[in-house]
Amino acid sequence: MGNISPESIVNDLRYLQLLSRSFPTIADASTEIINLEAILNLPKGTEHFLTDIHGEYEAFQHVLKNGSGAVKRKVNEIFGHTLRESEKKELCTLIYYPEEKLQLVKAKEKDLDDWYQITLNQLVKVCQNVSSKYTRSKVRKSLPQEFSYIIQELLHESSIDPNKQAYINVIISTIISTKRADDFIVAMCNLIQRLTIDSLHIVGDIYDRGPGAHIIMDTLCDYHNFDIQWGNHDLLWMGAASGNDACIANVIRLSMRYGNLATLEDGYGINLLPLATFAMDAYADDPCTVFVPKMTFMDGQHNEKTLRLIAQMHKAITVIQFKLEAAIIDRRPEFGMEGRKLLDKIDYARGVFVYEGREYPLRDTCFPTIDPSDPYRLSDEEQDIVDKIHASFMNSEKLKKHMRCLYTYGGMFLVCNSNLLYHASIPLNEDGSFKHVRIGEKEYWGKKLLQKTDQLVRRAYFGEEGTEAKAFAVDYMWYMWCGPDAPSFDKDKMATFERYFVGDKDLCKETKGWYYTLRNEAETCDHILLEFGVQPGPHSHIINGHVPVKTLKGEKPVKANGKLLVIDGGFSKAYQPETGIAGYTLVYHSHGLQLVQHEPFQSRQKAIEEGLDIKSTIFLVEFNSQRMMVKDTDKGAQLTTQIADLEKLLAAYRMGLIKEKV
């Protein structure tokens, strides 16, 4: 405080007067400084990074509940050899699924009061451990109101003192005798889950493939501290919610491709009946073999008749998608995607695809809804379907709620504690320089490109209806999904047509941008970090998802000498045959950075009934020789600024420039 000059106080007097409303006395300001200084010297909270969840809600929720294995580790640390392995497993399962586990225990436990007494004591010890790195104030704000006082008493009393242990035992006995043990156990377990993960970073792709993206979004909407870096699949859904019909068609096509109708129909109430009726009629005599779902997530619950209907709907929406995309390509020549109009390159009479002087036999030659003389025109029936499904997307209240959450807590990138997070790519030239991308009348690159696309994504949803700016942004949402220079895609093409109708390996090949090669070089990563204002150093990293790490083939998630981490390890069941694992969690706590590699999750039911946890392997990415404290984080920098402001306020009080409001 001795370094504060009177001039700086006078210059900031208006701001300090505003600050004095929150801290009206010297005592108030001093207390807050003491509180903030204490917080600065606590260990940093644990950050968890997940990516490419792709609708796998059971595995996602379990990873949140078990803190990527952290709860199990803490139970082992606390109880070591004092509990048997089976008892530790039972305790962990209770912490993960308290309501369900309680029902099983009550059905078989003969002396329930004794079980309550033992279990509550165990939960108190675990809770004391996970809450130890937080201030009492922060823990108090996390507590359920009805048990707040009791939990505070239990957490802050030492069981080493015999008198205190007796006090704790009386509290626990009273909880049991008043028949509140079940509710109290649930409250304690939820608190342990909440305190184990201080902040959650979702580095893109919540949607598509798996059956429960809407359930994941419900979980996130109520989560205590999280952020999202939009992935290409999230942006596709955001484009659909913004009214882009090509995005809507892509969303439906992907749902059909993976035999997953739950998110659309059950989650968001999208009415697919018009599409089903049309598809059954238009493709009544068509086997639609190419369009049988790639993989179903219903574990055999789709019967043959349903699979046939899905294949028909799949083909119908795919053809509609190509027509809708052609309209955007014609409307936006600046997208440079004329080469993706391919329906006019089919020789419908001969059943071949004619491309760049070569002929390719078609895998499917039945096109009852395409007029060869005008292949991109929607039939009246197709237009009617597009209009009805569009209205269904626009009127879904649940979808609106989840999109608001994505926009509020999401963005194209995030810089947090010297880590740069984005889902896919920063477009680069072959020499490693940032690729200049034209959007409208200007060119953007590096950080400015991600800022500009972030702005367009928001304008597409929130922009003023009827304006050209909004119309362009809505069209650009489709470009973000499949445009060559889109940072969320960054490939030469999306070969959807070729995969369905041609199958030639060379034609189906999608060539990735230079980023995906150059990101293996530390120099490139440093160049990108500097562009985003992150000083390259031993604790600075780029964290990506998007491209599954093929662990089976020996690929490593840690690249460029530890500068870049790709943490898409195959949460999506569709990718697990390629990756050989079932996802990664990156965990950044006060001791360092750990990569947790997960084995496939059996099911929620098996986790509850049999205590089957996700088997996880921990790899040490980086170890801090000194424990990282809050003062070493971005939050610490903010608190340090607040302390400096409060010290100025104290000086202003003592100089008589501001009067205390006693």
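Only this structure's heavy atoms are used, side chains among them; waters, hydrogens and symmetry mates stay out.
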### Query
Given Gln321 and Glu325, is the side-chain hydrogen bond (donor to acceptor under 3.5 Å, both in side chains) satisfied, shown in steps?
CA-CA 6 Å; Gln321 174 193 313; Glu325 289 178 338; 3.2 Å; yes
To the nearest 0.5 Å, tell me how far [X] [atom1] sits from [Y] [atom2].
X: Glu56; Y: Ile53; atom1: CD; atom2: CD1; value: 10.0 Å
X: Ser68; Y: Gln597; atom1: OG; atom2: CD; value: 13.0 Å
X: Ser488; Y: Leu236; atom1: OG; atom2: CG; value: 10.0 Å
X: His390; Y: Asn395; atom1: NE2; atom2: CG; value: 8.5 Å
X: Thr318; Y: His314; atom1: OG1; atom2: NE2; value: 4.0 Å

### Message
Determine whether Asp52 and His546 satisfy the following criterion, side-chain hydrogen bond (donor to acceptor under 3.5 Å, both in side chains), listing intermediate values before the conclusion.
### Response
CA-CA 7 Å; Asp52 296 271; His546 190 56; 5.3 Å; no
Determine whether [X] and [Y] make a side-chain contact, defined as any pair of heavy atoms from C-beta on separated by less than 4.5 Å.
X: Ile328; Y: Leu324; result: no
X: Met412; Y: Gln229; result: no
X: Ile329; Y: Trp478; result: yes
X: Leu420; Y: Leu414; result: no
X: Ser242; Y: Asn244; result: no

State, to 0.1 Å, how close [X] and [Y] come at their nearest heavy-atom pair, and which atoms those are.
X: His62; Y: Ala607; value: CE1-CB, 4.1 Å
X: His224; Y: Ile197; value: NE2-O, 2.8 Å
X: Tyr461; Y: Arg404; value: CE2-NE, 4.4 Å

When you check the gap from the basic side-chain N to the acidic O, do [X] and [Y] get nearer than 4.0 Å?
X: Lys323; Y: Glu382; answer: yes
X: Lys315; Y: Asp364; answer: yes
X: Arg340; Y: Glu498; answer: yes

### Task
Start with the C-alpha distance between Asp568 and Val547, add both sets of side-chain angles, then the distance that settles side-chain contact (heavy atoms from CB on, under 4.5 Å), and finish with yes or no.
CA-CA 6 Å; Asp568 179 3; Val547 181; 5.7 Å; no
#### Entry: CD (Gln605) with more than 12 external heavy atoms under 6.0 Å
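No, the 6.0 Å shell around CD holds no more than 12 heavy atoms from other groups.
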Parallel, tilted or perpendicular: which describes the rings of [X] and [Y], with under 30° parallel and over 60° perpendicular?
X: Phe226; Y: Tyr223; result: perpendicular
X: Phe532; Y: Phe413; result: perpendicular
X: Tyr407; Y: Trp230; result: perpendicular

### Task
May I have the step-by-step check of ring pair (Phe, Tyr, Trp, His ring centres under 6.0 Å) for Phe571 and Tyr584, ending in yes or no?
CA-CA 8 Å; Phe571 250 100; Tyr584 292 116; 9.7 Å; no
Keeping [X] on the side-chain end and [Y] on the backbone end, is there a donor-acceptor pair under 3.5 Å?
X: Lys559; Y: Lys556; answer: yes
X: Thr467; Y: Gly463; answer: no
X: Arg363; Y: Tyr500; answer: yes

### Query
Going through the checks in order, is the salt bridge (Lys or Arg N to Asp or Glu O under 4.0 Å) test met by Arg438 and Glu334?
CA-CA 8 Å; Arg438 179 168 288 277; Glu334 63 268 40; over 6 Å; no
### Query
Can you tell which of Arg332, Arg331, Arg459 makes a salt bridge (Lys or Arg N to Asp or Glu O under 4.0 Å) with Glu468?
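That would be Arg332.
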### Message
For Glu510, run the salt bridge (Lys or Arg N to Asp or Glu O under 4.0 Å) check against Lys493, Lys505, Arg499 and tell me which one passes.
### Response
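For Glu510, the salt bridge (Lys or Arg N to Asp or Glu O under 4.0 Å) test succeeds with only one of Lys493, Lys505, Arg499, which is Arg499.
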### Partner set under ring-ring contact (aromatic ring centres under 6.0 Å, His included) for Phe434, not counting sequence neighbours
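Result, ring-ring contact (aromatic ring centres under 6.0 Å, His included) vs Phe434: His527.
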So, do [X] and [Y] have ring centers that fall under 6.0 Å from each other?
X: Tyr207; Y: His402; answer: no
X: Phe501; Y: Phe291; answer: yes
X: Phe60; Y: Tyr57; answer: no

### Message
Using the rule ring pair (Phe, Tyr, Trp, His ring centres under 6.0 Å), only one of Phe367, Tyr348, Phe497 pairs with Phe353; which is it?
### Response
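Single pass found, and it is Phe497.
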### Task
With side-chain hydrogen bond (donor to acceptor under 3.5 Å, both in side chains) as the test, would you mind laying out the steps for His54 and Asp208 before giving the verdict?
CA-CA 5 Å; His54 285 302; Asp208 292 330; 5.9 Å; no
### Query
Can you tell which of Asn429, Thr524, Asn544, Asp490 makes a side-chain hydrogen bond (donor to acceptor under 3.5 Å, both in side chains) with Tyr515?
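Result for side-chain hydrogen bond (donor to acceptor under 3.5 Å, both in side chains) with Tyr515: Asn544.
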